[in-house]
Amino acid sequence: EVVEFTVAVFLFLYSYAVSNKIEPFYKGGKVQVGISKDEKYIFCTCGSRVNVLEISTGKIIHCVEHDDQEDITAFALSCDDEMLVTASRALLLKQWDWRQANCTRSWRAIHTVPVATMTFDSTSTLLATGHLVQFHPNTDLLQLFSSSLDCGIRIWDLRSSQCVCVLQSHYSAVTSLSFSPDGNAMVSSGRDKICTVWDLKTRKAKRTVPVYEAVEGVVILPGSTDLAEIGVKSKDLHFITAGSKGVLRVWEASTARCVYTQTLPSTLPSSSEEDENDNPRSLTYLFHLPASARLATVTAEHNILLYQLPALTTQQQFVGYSDEVLDVKFLGKGDSHIVVATNSCQLKVFELLTNSCQILYGHTDTVLTLDVFKKGSLFASCAKDRSVRVWHMDSDSGQVRCVAQGSGHTNAVGSIACSRMKASFVATGSQDCTVKVWDLPADCSAEGGIHQLTARATEKAHDKDVNSVAVSPNDKLLASGSQDRTAKLWSLTGEGTVSLLGVFRGHRRGVWAVCFSPVDQVLATTSADGTAKLWSLQDFSCLKTFEGHDASVLKVIFVSRGTQLLTSGSDGLVKLWTIKTNECVKTLDAHQDKVWGLHASRKDDKMVTGSADSNITVWSDVTEIELAEEQAKQEDQILKQQELSNLLHGKKYLKALGLAISLDQPHTVLTVIKAIREGENSSELLEKTLLKLRQDQKESLLRYCVVWNTNARNCLNAQAVLQVLLTHLPPEELLQYQGARSHLEGLIPYTERHMQRIGRLLQASMFLNYMWQKMRVAGAPSR
């Protein structure tokens with residue numbers, strides 16, 4: 001029994017630490033994504049910052065920020081990767097040593113409107129700023145190409161600062177320019193749905209290519225590489241376009257034919273002309289990375305995708321901005337991935353090692369909740385589009401595809417729960433006040449089309465929205481929580497029906513989450529009344545109430561084999577509770593906004609939180625590390641205490657005082673001061689010992705004196721130390737001490753009080769002496 005008890009205590013969690021964070025690094029707007037020369041980093045703007053993202057890890061490793069908090073409208077990285085220049089909306093240009101986040105110089109732009117683009121020449125000595133600017137790749141020519149709202153492309157001779165030619169072809173703003181490797185040809189793109197091929201020797205348009213979409217980026221493909229896989233069959237000039245359709249297309253310049261169109265993984269029909277303007281997949285930038293033969297694109301949804309040539313295979317994908325995170329769950333073998341529902345109709349699957357992301361298309365409205373089956377490769381989602389979908393993740397490739405879908409609810413589906421034993425069914429709760437149970441086909445994850453799900457059972461469960469559903473570990477019970485302030489328990493054992501077993505009443509506001517214990521016959525619920533409660537499944541009574549959140553408690557999960565709870569709230573906090581003692585053992589100040597997502601890994605060693613502040617945080621259990629550190633600290637303290645008593649015993653006061661100060665224990669220092677003052681020649685000994693201390697030790701001693709001086713019992717020791725410090729140290733030196741002014745101000749009122757007390761004591765003792773003298777005189781015998 002004793003052994004079992006010890007094990008149970010050891011299993012308790014006490015602390016978590018952040019191990020990984022997926023946060024917004026690119027929020028769109030008029031921004032640029034620049035890629036370094038060695039192609040290891042992506043630079044992108046995020047408000048008043050430029051973030052530097054390491055491609056291999058997906059982590060932000062550097063950041064430069066304008067101290068005036070003005071948004072950055074453009075930036076450029078020099079060709080040697082040494083200099084970064086940024087332009088803010090306040091027309092201030094700054095040059096940075098970006099690796100050290102150090103601003104080396106700043107100057108004011110001569111423009112009257114914010115700088116839209118800027119670029120360096122290939123020698124990194126010239127910088128051009130404007131609406132759209134680009135240097136000719138041949139530096140000997142010293143030519144600059146620019147375009148503005150007049151739709152013309154101007155060629156400037158930098159030797160004479162004269163405009164030598166205006167290339168007219170476009171009827172809307174020119175969006176990008178791309179030069180051929182030899183510098184003799186150029187392709188320009190615009191939102192007028194055409195691309196123009198220019199001969200730069202004659203400065204005439206060779207060909208106008210209608211591309212039938214507003215083009216944001218164009219890149220001339222290198223002629224030296226075999227690109228037959230994307231339709232390049234001849235040595236003629238080919239270029240690739242990115243624009244409002246959201247797909248990359250390859251064009252042959254000589255024939256104006258589209259020779260290759262990228263196919264996107266999607267379960268939706270491709271966007272039509274009408275909704276092209278707000279197509280979330282539309283591309284805003286296109287870059288060529290010649291050293292690694294890759295292309296980078298940026299979507300209107302702030303996603304950055306890297307494609308590998310020659311086949312245009314997706315290599316990596318980064319999500320720049322996730323908006324509000326509504327739910328997050330661990331996924332995959334060994335919880336290697338997380339799946340995230342954000343305020344959009346796409347799901348995002350992140351690989352935790354690289355932060356690279358897959359985007360899953362299928363739902364047609366905001367995805368609200370997720371749940372994962374036991375093995376971790378199959379998961380389910382539900383959305384405002386009134387549907388439920390089941391997805392499968394391939395354990396080898398990590399690719400995710402939709403394997404089943406069902407619809408039948410008459411309103412948004414806000415909650416979903418997967419069967420716990422094997423992947424046999426999902427249960428959903430909706431704003432139409434019903435719960436439904438959907439059977440899954442046996443070969444759900446097999447290759448093939450999308451299975452259509454039909455509801456095995458439907459039940460009008462509550463009077464208001466169903467916020468949460470949960471399935472018991474044995475798959476026999478279903479719990480539902482609702483905005484009507486109740487949670488209900490249902491039996492799933494009946495054929496084609498869901499039967500009510502009981503109602504949990506006690507919350508004063510709507511119930512946000514329900515969760516079964518993995519080991520005990522109890523149900524946990526959380527509510528907008530700021531509490532979490534535990535209920536008995538036998539008699540539906542409330543067993544415990546956990547109070548601590550200042551606002552709605554949105555999620556609850558069991559950890560430590562059902563002995564502890566984790567709750568998250570709209571106050572941005574995550575709390576860890578020990579059920580037996582009702583004690584909150586740890587509060588994690590996790591986020592700045594509502595924490596909607598909370599999930600623990602299967603091994604119980606990690607958890608993940610997702611919040612309305614757009615941040616996703618992965619936490620690791622550091623209980624053992626912290627306990628080991630605490631134990632080592634205690635052992636060190638014991639050894640030092642022993643050493644201190646040995647030094648006092650040997651009357652080695654200077655070393656004893658130094659050790660006591662290093663322990664930062666005012667009471668121990670006081671003990672040493674008392675020991676010095678109790679000996680012979682105490683004043684001289686105290687003086688000699690204190691003056692040998694280092695300056696930082698004297699600073700600490702002055703700080704301790706302020707504390708001792710507040711107590712009448714210790715004030716004499718404090719005053720003795722102060723006498724030595726004030727008589728032997730010049731005022732200039734004392735004022736150099738950290739916080740000296742506030743310390744001295746704190747000493748004055750208590751010292752005055754002690755003086756008054758001693759004055760009163762002196763007066764009283766003199767009066768007593770006088771009385772004693774008079775009594776002796778009055779009582780003397782007469783002679």
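The structure presented is a predicted model; accordingly, all values stated were derived computationally and were not measured.
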Any donor-acceptor pair under 3.5 Å from Thr73 side chain to Val115 backbone: yes
Chi angles and distances behind the side-chain hydrogen bond (donor to acceptor under 3.5 Å, both in side chains) call for Gln308, Thr313: CA-CA 5 Å; Gln308 188 69 55; Thr313 48; over 6 Å; no
Under the ring-ring contact (aromatic ring centres under 6.0 Å, His included) test, residues paired with Trp198 that sit two or more places apart: none
Side-chain donor/acceptor of Arg294 to backbone N/O of Glu39, under 3.5 Å: yes
Asp226 atom CG, neighbour heavy-atom count above 12 within 6.0 Å: no
Distance (rounded to the nearest 0.5 Å) between Ile72 CD1 and Thr86 OG1: 4.5 Å
Enclosure of Lys59 NZ (heavy-atom neighbours >12, cutoff 6.0 Å): yes
Side chain Ser172, main chain Gly190, donor-acceptor under 3.5 Å: no
Distance (rounded to the nearest 0.5 Å) between Asp97 CG and Cys103 SG: 10.5 Å
With sequence neighbours excluded, residues passing side chain to side chain donor-acceptor pair (under 3.5 Å) with Asn303: none
Interatomic spacing from OH in Tyr212 to NZ in Lys193 - rounded to 0.5 Å: 11.0 Å
Polar side chain donor-acceptor pair, Glu65 to Ser48, under 3.5 angstrom: yes
Stepwise ring pair (Phe, Tyr, Trp, His ring centres under 6.0 Å) test for Phe179 and Phe145: CA-CA 11 Å; Phe179 295 90; Phe145 289 70; 5.1 Å; yes
Ring centroid separation Trp96 to Phe75 under 6.0 Å: no
No-hydrogen, no-angle side-chain donor-acceptor test under 3.5 Å, His363 and Ser387: yes
Pair Lys348-Thr342, side-chain donor/acceptor within less than 3.5 Å: yes
Worked verdict on Ile194 versus His170 for side chain to side chain contact (heavy atoms under 4.5 Å, CB included): CA-CA 8 Å; Ile194 61 165; His170 291 278; 3.7 Å; yes
Geometric class of the Phe379/Trp391 ring pair [parallel <30°, tilted 30-60°, perpendicular >60°]: parallel
Of Val52, Asp81, Leu53, the residue whose pairing with Tyr41 passes side-chain contact (heavy atoms from CB on, under 4.5 Å): Val52
Aromatic ring pairing Trp98/His62, orientation class (parallel under 30°, perpendicular over 60°, tilted between): perpendicular
Side-chain donor or acceptor of Asn51 paired with backbone N/O of Phe25 under 3.5 Å: yes
Donor-acceptor pair, side chain of Glu213 and main chain of Ser244, under 3.5 angstrom: yes
Which atom of Ala311 lies closest to which atom of Glu229, heavy atoms considered: CB-OE1, 3.1 Å
Atom of Glu216, atom of Ser189 and distance for their closest heavy-atom approach: C-OG, 4.3 Å
Arg257/Glu252 ion pair, N-O < 4.0 Å: yes
Minimum heavy-atom distance between Ala256 and Arg207, given as atom pair plus value: CB-NE, 3.8 Å
CA sep, side-chain torsions, deciding dist, call: Phe373, Leu440, side chain to side chain contact (heavy atoms under 4.5 Å, CB included): CA-CA 12 Å; Phe373 288 93; Leu440 298 189; 3.5 Å; yes
SB check Arg154 Asp150 (cutoff 4.0 Å): yes
